[in-house]
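Have a look at the structure below, then the notes.
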Amino acid sequence: MLIGIPKEIKNNENRVALTPAGVVSFLTVGHKVIVEKDAGIGSGFTNEDYINAGAEIIDSAATVWAKADMIMKVKEPLSSEYQYFRPGLILFTYLHLAAEPALAQALKEKGVIAVAYETVAINKTLPLLTPMSEVAGRMAAQIGAQFLQKNNGGQGILLAGVPGVNRGKVTIIGGGIVGTNAAKMAIGLGADVTIIDLSAERLRQLDDIFGNQIKTLMSNPLNIAEAVEEADLLIGAVLIPGAKAPKLVKEAMVKIMKPGSVIVDVAIDQGGIVETCDHITTHDNPTFIKHGVVHYSVANMPGAVPRTSTIALTNVTVPYALQIANKGIFKAITENAALLLGVNAAGGEITYEAVAKDLGYEYVPVEKALEKELAAI
Ligand SMILES: NC(=O)C1=CN([C@@H]2O[C@H](COP(=O)(O)OP(=O)(O)OC[C@H]3O[C@@H](n4cnc5c(N)ncnc54)[C@H](O)[C@@H]3O)[C@@H](O)[C@H]2O)C=CC1
Ligand SMILES: CC(=O)C(=O)O
């Protein structure tokens with residue numbers, strides 16, 4: 001199979017979908033890799049590194065897309081890339097389609113086989129989302145602390161406090177991978193941390209992990225309203241896989257937060273859990289102020305720490321990509337239920353139920369959308 005690696009074009013997205021080590025993994029088993037010129041530079045991998053690993057460097061994105069059987073990316077294609085879609089092209093990347101209706105439509109219309117990293121699932125875990133959630137969760141506390149500084153628009157709070165002065169309060173809604181990693185960092189920074197989740201089992205696990213370093217609360221509108229009101233830093237970390245994030249923090253709750261408080265809505269890639277986080281921001285201009293509260297809603301947070309993120313991401317994506325390359329997409333999804341769950345669009349249909357429901361498409365299971373292809377293997 002010919003694997004194509006375009007350069008990422010989203011604002012300040014410095015990750016790349018394959019490292020030179022990943023190139024070697026593909027070549028060793030007989031595949032070929034083409035990499036767009038400078039695709040790895042932001043992550044510290046030069047064109048020479050890729051050539052030495054055995055990849056071919058190609059000057060134009062259009063050629064990479066046109067030649068490859070499978071395109072591996074990091075972020076969802078932007079509208080300028082939709083022109084490269086074609087029937088049967090395998091696209092393996094983050095997609096977050098519930099928040100990207102135009103992309104969903106383009107993938108559907110063009111019959112791309114689109115496998116989303118974030119919905120590949122084993123036993124209710126999301127192995128291709130986890131490392132980036134670890135990065136974003138850790139960053140969320142760090143970024144929140146930074147924007148709480150007066151010179152950055154915040155109320156001028158040091159999360160750790162000092163002897164004789166209260167610690168800053170951090171409220172984390174969603175206690176999964178992002179939430180747990182945000183909590184680790186916030187505790188490390190000395191903050192007073194509360195985690196809210198809908199799952200009693202998860203709250204029990206968090207209590208076991210952190211003991212009395214955190215408070216846990218069941219997710220309900222009253223608990224959320226009270227914890228948001230007292231938060232200096234609010235971190236949004238809820239996920240319902242594939243679906244648009246629920247708007248758990250209403251505008252009225254934001255209005256009564258202290259001026260200069262900070263919201264980091266990590267879940268913005270799925271639409272965000274805060275009503276006032278009504279648009280995605282970029283690393284170039286990451287915050288906006290609404291009702292006196294600093295809002296941070298960057299959808300590719302790990303893109304700012306690309307060396308760490310690229311290696312962490314490709315550690316987990318390459319084994320799945322190798323299965324696709326070695327077996328072909330149809331056999332790979334038939335034999336690996338985790339990968340099958342990653343297929344969001346195929347055969348001109350939307351094949352992930354939560355995405356279809358949120359975007360108003362008929363849900364067509366992969367087995368039906370690819371009936372002929374799967375029967376032929
Ligand atoms: N902005 C960015 O750059 C990045 C964003 N993310 C996003 O962060 C979000 C969280 O991801 P993960 O932590 O990996 O997901 P996860 O699945 O590990 O955790 C989600 C948690 O939300 C909880 N939850 C569900 N409904 C809830 C509700 N109504 N109230 C409170 N809690 C609720 C679940 O019980 C679970 O513990 C996702 O949208 C993910 O795509 C991840 C990485 C980077
Ligand atoms: C998860 C995701 O969308 C990211 O790492 O950018």
Side-chain angles (χ1 to χ4, degrees), residues 8 10-17 73-76 93-100 116-140 143 171-184 194-206 209 216-224 227-228 234-249 263-274 277 280-283 286 296-306 308-310 312-314 316-317 354:
E8 295 296 320
K10 194 163 181 146
N11 181 287
N12 269 286
E13 183 49 77
N14 290 298
R15 287 170 288 180
V16 60
K73 273 181 56 58
V74 177
K75 289 309 286 182
E76 72 282 352
T93 188
Y94 286 120
L95 287 170
H96 302 293
L97 290 184
E100 294 287 341
Y117 294 159
E118 73 276 6
T119 63
V120 170
I122 314 173
N123 299 331
K124 295 195 177 165
T125 68
L126 305 169
L128 306 191
L129 181 62
T130 296
M132 294 306 94
S133 291
E134 290 167 339
V135 171
R138 288 174 189 215
M139 286 178 76
I143 286 166
T171 295
I172 301 168
I173 307 184
I177 307 294
V178 168
T180 305
N181 281 277
K184 280 185 185 163
T194 299
I195 308 184
I196 299 179
D197 202 288
L198 194 59
S199 155
E201 190 190 334
R202 185 62 196 153
L203 291 175
R204 243 171 244 123
Q205 289 165 350
L206 290 166
I209 298 169
T216 56
L217 284 175
M218 177 51 71
S219 180
N220 62 47
L222 184 62
N223 282 344
I224 290 175
V228 168
L234 171 67
I235 297 177
V238 165
L239 176 66
I240 299 163
K244 229 171 158 29
K247 293 286 180 198
L248 300 175
V249 178
I263 297 175
V264 178
D265 197 351
V266 184
I268 193 70
D269 56 355
Q270 293 286 146
I273 66 156
V274 180
C277 266
I280 286 175
T281 59
T282 63
H283 287 291
Y296 176 100
S297 51
V298 174
N300 61 332
M301 293 170 66
V305 286
T308 304
S309 301
T310 288
L313 178 63
T314 56
V316 293
T317 52

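Counting starts at 1 for both ligands and their atoms, following the listed order.
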Query raised in the report: Which atoms form the tightest heavy-atom contact between E118 and L95, and what is the distance?
Result: OE1-N, 3.1 Å

Requested in this report: Start with the C-alpha gap between T314 and T317, add the side-chain angles, then the distance that decides, and say whether side-chain contact (heavy atoms from CB on, under 4.5 Å) holds.
Outcome: CA-CA 5 Å; T314 56; T317 52; 4.1 Å; yes

Query raised in the report: Hey, is D269 touching ligand 1 through its side chain, its backbone, both or neither, going by heavy atoms under 4.0 Å?
Result: side chain

Query raised in the report: For V266, which of I173, I172, I143, I235 qualifies under side chain to side chain contact (heavy atoms under 4.5 Å, CB included)?
Result: I235

Report summary line: Any heavy atom of E118 under 4.0 Å from ligand 1? The part involved is neither

Query raised in the report: At a 4.0 Å threshold, what atoms of ligand 1 neighbour a non-hydrogen atom of H96?
Result: 41 (O)

Query raised in the report: When you measure from atom 32 (N) of ligand 1 to each heavy atom in V266, L198, T125, I268, which option holds the nearest one?
Result: L198

Report summary line: Closest to atom 30 (N) of ligand 1 among protein heavy atoms sits S219 OG, 2.8 Å

**Report entry** Considering all heavy atoms, the nearest L313-V74 contact
**Finding:** CD2-CG1, 3.9 Å

Query raised in the report: When only distance counts, is I177 in polar contact with ligand 1, meaning an N/O pair under 3.5 Å?
Result: yes

Requested in this report: Please say whether S133 places an N or O atom under 3.5 Å from an N or O atom belonging to ligand 1.
Outcome: yes

**Report entry** Nearest-neighbour protein heavy atom for atom 2 (C) of ligand 1, which is reported as residue plus atom name and distance
**Finding:** A299 O, 3.5 Å

Report each N/O pair between ligand 2 and the protein that falls under 3.5 Å, naming both atoms.
{"from": "ligand 2", "atom 1": "3 (O)", "to": "K75", "atom 2": "NZ", "distance (Å)": "2.6"}
{"from": "ligand 2", "atom 1": "3 (O)", "to": "H96", "atom 2": "NE2", "distance (Å)": "2.7"}
{"from": "ligand 2", "atom 1": "5 (O)", "to": "R15", "atom 2": "NH1", "distance (Å)": "2.8"}
{"from": "ligand 2", "atom 1": "6 (O)", "to": "R15", "atom 2": "NH2", "distance (Å)": "2.8"}
{"from": "ligand 2", "atom 1": "6 (O)", "to": "K75", "atom 2": "NZ", "distance (Å)": "2.7"}

Requested in this report: Looking only at protein heavy atoms, identify the closest one to atom 13 (O) of ligand 1 and say how far it is in Å.
Outcome: V178 N, 2.8 Å

**Report entry** Shortest protein contact, atom 20 (C) of ligand 1 (heavy atom only)
**Finding:** L239 N, 3.4 Å

Report task. Keeping the roles fixed (side chain from T216, backbone from I195), state whether a donor-acceptor pair exists under 3.5 Å. Result -> no

Query raised in the report: Is the closest heavy atom of M132 to ligand 1 under 4.0 Å?
Result: yes

Requested in this report: Return the option from V238, V298, L129 holding the heavy atom at the smallest distance from atom 26 (N) of ligand 1.
Outcome: V238

Report summary line: The protein heavy atom nearest to atom 19 (O) of ligand 1 is G176 CA, 3.2 Å

Query raised in the report: So, for A227 and L217, which heavy atoms are closest and what is the spacing to 0.1 Å?
Result: CB-CD1, 4.4 Å

**Report entry** Side chain, backbone, both or neither: the part of V135 lying under 4.0 Å from ligand 1 by heavy atom
**Finding:** neither

Requested in this report: Provide, to 0.1 Å, the distance between atom 35 (O) of ligand 1 and the closest protein heavy atom, together with that atom's residue and name.
Outcome: D197 OD1, 2.6 Å

Query raised in the report: Below 3.5 angstrom, do we get any N/O pair linking M301 and ligand 1?
Result: yes

Query raised in the report: So, is Q270 polar-close to ligand 1, with some N/O to N/O distance under 3.5 Å?
Result: no

Requested in this report: Look at atom 44 (C) of ligand 1 and say which protein heavy atom is nearest, naming residue and atom and giving the distance to 0.1 Å.
Outcome: A136 CB, 3.4 Å

Query - Side chain proximity check, M132 to M301, heavy atoms < 4.5 angstrom - result: no

Query raised in the report: Is ligand 1 under 4.0 Å from a heavy atom in the side chain of A237, in the backbone, in both, or in neither?
Result: backbone

